**Student:** 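Before I ask anything, here is the structure I am working with.
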There are 4 protein chains.
Amino acid sequence: MPRPPGHGPGYEIKRQEIIDKAAALFAKKGYAATGIAEVGDVAGLARGALYYYIGSKENLLVEIQDRVMRPMLASVHRIAGLEEEPVLRLRMLSQTLLENILARLDHVWVYEHDYRNLHGDNRARLLRQRREFENIVQELLVAAMDDGSFRKLDPRLATLQFLNLHNHTYQWVRTDGEWDAEYLSRAYCATLFRGFAGPGRQFDDIEDRMRAYLAQRVTPGPLPRTGEE
Amino acid sequence: MPRPPGHGPGYEIKRQEIIDKAAALFAKKGYAATGIAEVGDVAGLARGALYYYIGSKENLLVEIQDRVMRPMLASVHRIAGLEEEPVLRLRMLSQTLLENILARLDHVWVYEHDYRNLHGDNRARLLRQRREFENIVQELLVAAMDDGSFRKLDPRLATLQFLNLHNHTYQWVRTDGEWDAEYLSRAYCATLFRGFAGPGRQFDDIEDRMRAYLAQRVTPGPLPRTGEE
Amino acid sequence: MPRPPGHGPGYEIKRQEIIDKAAALFAKKGYAATGIAEVGDVAGLARGALYYYIGSKENLLVEIQDRVMRPMLASVHRIAGLEEEPVLRLRMLSQTLLENILARLDHVWVYEHDYRNLHGDNRARLLRQRREFENIVQELLVAAMDDGSFRKLDPRLATLQFLNLHNHTYQWVRTDGEWDAEYLSRAYCATLFRGFAGPGRQFDDIEDRMRAYLAQRVTPGPLPRTGEE
Amino acid sequence: MPRPPGHGPGYEIKRQEIIDKAAALFAKKGYAATGIAEVGDVAGLARGALYYYIGSKENLLVEIQDRVMRPMLASVHRIAGLEEEPVLRLRMLSQTLLENILARLDHVWVYEHDYRNLHGDNRARLLRQRREFENIVQELLVAAMDDGSFRKLDPRLATLQFLNLHNHTYQWVRTDGEWDAEYLSRAYCATLFRGFAGPGRQFDDIEDRMRAYLAQRVTPGPLPRTGEE
DNA sequence: TATGAATGAGACTTCATTCAT
DNA sequence: GATGAATGAAGTCTCATTCAT
């Protein structure tokens, strides 16, 4: 998203650094309570130079939101489109979601807390993306009900339970801790899948199939992100 | 928490009204983005008179937090002290928690979003109360593991799952909607208790026992709050 | 034009004082080159208090324009509606126009110079008022041509000559000087009426009739303004 | 007015282009409201290069003023020095004045509007030149009174009427329109000369003599400018 | 109790200018 | 000749708070 024409090669790099540092500040103190001067301080830039890179304070917020939502949506779309059974896709989606949260914890904090400071189109776009995300989750849950994996639940309420459990994680999780995305995802899904299970259904093999799926992929490792970064 | 000495009889009433209206504003626009002038406007009071009642803007935030935390802790302490088995007490606690959230939705929104604007002692007290609350939940969950109701889970992670599921509700719940605290509590606990269940355990009778408990009480009706208001 | 509800009796008075002083400053240095801090200095008010009265810098400009245009249009409409012959009405209009210019010389300076700093509706309204004013002048000139007082001229160009001659006066006139509105109006009209005169027409009696008209009025003195001030 | 020593051949050309474009911008938005960045944009130059050519923003204003005043004064001095009768010289001067205004309409706009942004010597020089110009006009008018062409008028007020009529033209004239300098000059002088005429004087032949004078000149066409460009 | 007026710090943003490369 | 990056002062405006009445 380069701004005015005619910027040197270092421009975009420095710009991304500034956004990084701003996200950390906003996460710690809140967007509204953080002054642009503080952003300049941590970026080592005078106010004027700062604006050369960021355009406006709200624009900084937009960029942070984008960094959260763009890769998240990309991952989730990819997973939803896989030819696997719904419960496995939910397990994958859970892990991707947590990976994204953990990877950019301060961005997510800002994303969850300060979107009310967006105005006009920026705000509308954000809300649209949120709904898009929720719809995908809901469709997978309904698919799992339809194939008998889950009992018949109110789809909306089931979706909200799924999201409550995952999204609230940013409030307390520590990236330096013992828990990583995979561990949390296993725990959450263990609870949710048993809790949602249809009569006689169990999902003892879901972790095996998860491993199998990942092993079959050319590049073993964490679930790849599709995002641009 | 009466402030300066020597106030007429209407003082406390008006004060509570102001806090009500401030909470609504803060919930809608965020604490930092709401001006004290707006509070005055909706309260129908000029700036000077407003300060006569509220002391300071941060104090308003403290009061709102108190209104959430005080009755919540009181209810939870009462329930934790009942002579019922842990799973039933968790079911009660879940409902009380949701009742409190729904009863003061905008207060809860402020409570969850804007506590970072508290400073010094106010902040410390808040964090202490949060931990106190979480500990009670955790003790109940451990008790349920100990009596075999739940499988052996990481107690901390089990607690956080319980809290994620309940606390994130404020983000989307509507008080005018079809879902009340009882309905949500039944749904959440159905998921959690099945998800946490120890081998061979089921909780098909938990709702009956909930009803039985409530019926035996002198005053039927919603779980009583202990709070001051 | 009282602003927010609930202002004391002195509010409007002080507000008008501020506008006075701002007009003087803007006239001397130009609107864009004058800082709001300077306005505060000459008004003896800190920045905050200043904004309590003015709302915004552009609003100050709007008020100044209004002070020029409102009474001007009112006078001119009144004169145009009189049952006197066109040339006499033009003579009256000339004097009123100059009286308005001399009465608020610095306002007029701002009005002529800085209207480009108005935006949106404010600008549109100003341009509308200017056209309205010019149309009245043009109609009177055409009426004078129709009754044979003036020769057949291009109406638009005649109007512009009339306005050039009068409006540019603000550039050099001094209110402390020997020339008042009546003197200037006599001189300008002497030039214009001879210059525009139809064949065989002279206006030697126009000053007598002007005096007669004024004498006949109940309150002798300067042409009354209709404006609110 | 070449600036730093040692410039290539294209320097002055590019410099003049920049001044052209700056004048257009200043005329449209006002000097104070136009940023140096905008000048750079329309000139296709980055900030650094721009300053290589212009020195400073105020210098740009000085150059624009010079482009108006220099050729104007030259023409006017030339005409004043002709051996023709005063009224004819005034007619010539009128046309030259209007030609200069129309030829550089945006420069004139800036000249009339933004001279208050000049400081120190630049400002003093401008005011000196304006007075010089006015004095020439006044001398011609007095000469016309002395030879009986015009009646006895206050010389200063006659001068100001002459200048009002001509100088205010920049406010509304369009170069694409039907009116050119010659047409306007004829109309203005028709008004002024009849308006100023001494007893029994008429100037029916002034346009013929104007044509005759121009025809006699080697190079027929518009009044030549003496200016450097 | 209540008010309108005042404050002053600090918010975000723009701008003319400079300079190493 | 030309560029992009950086500066710092100054610009407009907001806001929590105080206080005489």
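The structure displayed is predicted, hence computed values, not measured ones.
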**Student:** May I have the distance from Leu25(A) (atom CG) to dA11(E) (atom P), rounded to whole angstrom?
**Tutor:** 13 Å
**Student:** Run the side chain to side chain donor-acceptor pair (under 3.5 Å) test against Glu17(B) and tell me which residues pass, sequence neighbours left out.
**Tutor:** none
**Student:** Give a yes/no answer on whether the side chain of Lys14(D) brings an N or O atom under 4.0 Å of OP1 or OP2 in dG1(F).
**Tutor:** no
**Student:** Please report the distance, rounded to the nearest Å, between CG in Leu60(D) and P in dA16(E).
**Tutor:**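 That distance rounds to 11 Å.
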**Student:** When you measure from the side-chain N and O atoms of Tyr53(C) to the phosphate of dA6(E), is any distance below 4.0 Å, counting only OP1 and OP2?
**Tutor:** yes
**Student:** Would you please test Tyr111(C) and Arg104(C) for side-chain contact (heavy atoms from CB on, under 4.5 Å) and show each step?
**Tutor:** CA-CA 10 Å; Tyr111(C) 171 82; Arg104(C) 293 194 173 284; over 6 Å; no
**Student:** Could I get the full list of salt bridge (charged side-chain N to carboxylate O under 4.0 Å, His left out) partners for Glu38(C), not counting sequence neighbours?
**Tutor:** Lys29(C)
**Student:** Identify whether NZ of Lys or CZ of Arg in Lys14(B) sits under 6.0 Å from the centre of the six-membered ring of Tyr52(B) and within 45° of that ring's axis.
**Tutor:**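 Ring-cation test returns no.
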**Student:** How do Gly8(A) and Ala33(B) order along DNA chain F: which one's closest nucleotide is nearer the 5' end?
**Tutor:**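 Here Gly8(A) is the residue nearer the 5' end.
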**Student:** Going by salt bridge (charged side-chain N to carboxylate O under 4.0 Å, His left out), name the pairs with one or both residues in residues 110-121 of chain D, residues two or more places apart or in two chains.
**Tutor:** none
**Student:** Please determine, for the side chain of Tyr52(D), which listed nucleotide (dA5(F), dG1(F), dT1(E)) has the closest atom?
**Tutor:** dG1(F)
**Student:** Nearest whole angstrom, please: distance from the P of dT14(F) to the CG of Leu45(C).
**Tutor:**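 Distance check: Leu45(C) CG to dT14(F) P gives 16 Å.
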**Student:** For Tyr51(B), what residues pass the side chain to side chain donor-acceptor pair (under 3.5 Å) criterion, not counting sequence neighbours?
**Tutor:** none
**Student:** Rounded to the Å, how far apart are Leu61(D) CG and dA16(E) C1'?
**Tutor:**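 So the CG-C1' distance, Leu61(D) to dA16(E), works out to 14 Å.
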**Student:** For Asp20(B), check side chain to side chain donor-acceptor pair (under 3.5 Å) against everything at least two apart and list the hits.
**Tutor:** Arg67(B)
**Student:** Just how far, in rounded Å, is C1' of dC12(E) from CG of Asp41(A)?
**Tutor:** 15 Å
**Student:** Can you measure His7(A) atom NE2 to dA6(F) atom P for me and round it to whole angstrom units?
**Tutor:**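 From His7(A) NE2 to dA6(F) P: 11 Å.
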**Student:** Between C1' on dA10(F) and CD on Glu38(C), what's the gap in Å once rounded to a whole number?
**Tutor:** 11 Å
**Student:** Please enumerate all residues that pass side chain to side chain donor-acceptor pair (under 3.5 Å) together with Arg123(C), with sequence neighbours excluded.
**Tutor:** none
**Student:** How would you summarise protein contacts on nucleotides 16-21 of chain F per nucleotide, using B for base, S for sugar-phosphate only and - for none, with heavy-atom distances below 4.0 Å?
**Tutor:** SBBB--
**Student:** Only Watson-Crick and G-U wobble pairs, only distances under 3.5 Å, only runs of 3 or more: what stems does that leave for DNA chain F?
**Tutor:** E:2-21 with F:2-21
**Student:** Output the rounded distance in Å from CD (Glu12(C)) to C1' (dA5(E)).
**Tutor:**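 Going from CD in Glu12(C) over to C1' in dA5(E) covers 15 Å.
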**Student:** Go nucleotide by nucleotide along DNA chain F from the 5' end; which of Leu50(A) and Leu50(D) gets its closest nucleotide reached first?
**Tutor:**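 Looking at the nearest nucleotide for each, Leu50(D) comes out on the 5' side.
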**Student:** Please list, chain by chain and in numerical order, all residues satisfying salt bridge (charged side-chain N to carboxylate O under 4.0 Å, His left out) with Arg125(C), sequence neighbours excluded.
**Tutor:**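 Scan of Arg125(C) (salt bridge (charged side-chain N to carboxylate O under 4.0 Å, His left out), adjacent residues dropped) gives Asp66(C).
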**Student:** Which value, in whole Å, describes the distance between the P atoms of nucleotides dT21(F) and dT1(E)?
**Tutor:** 22 Å
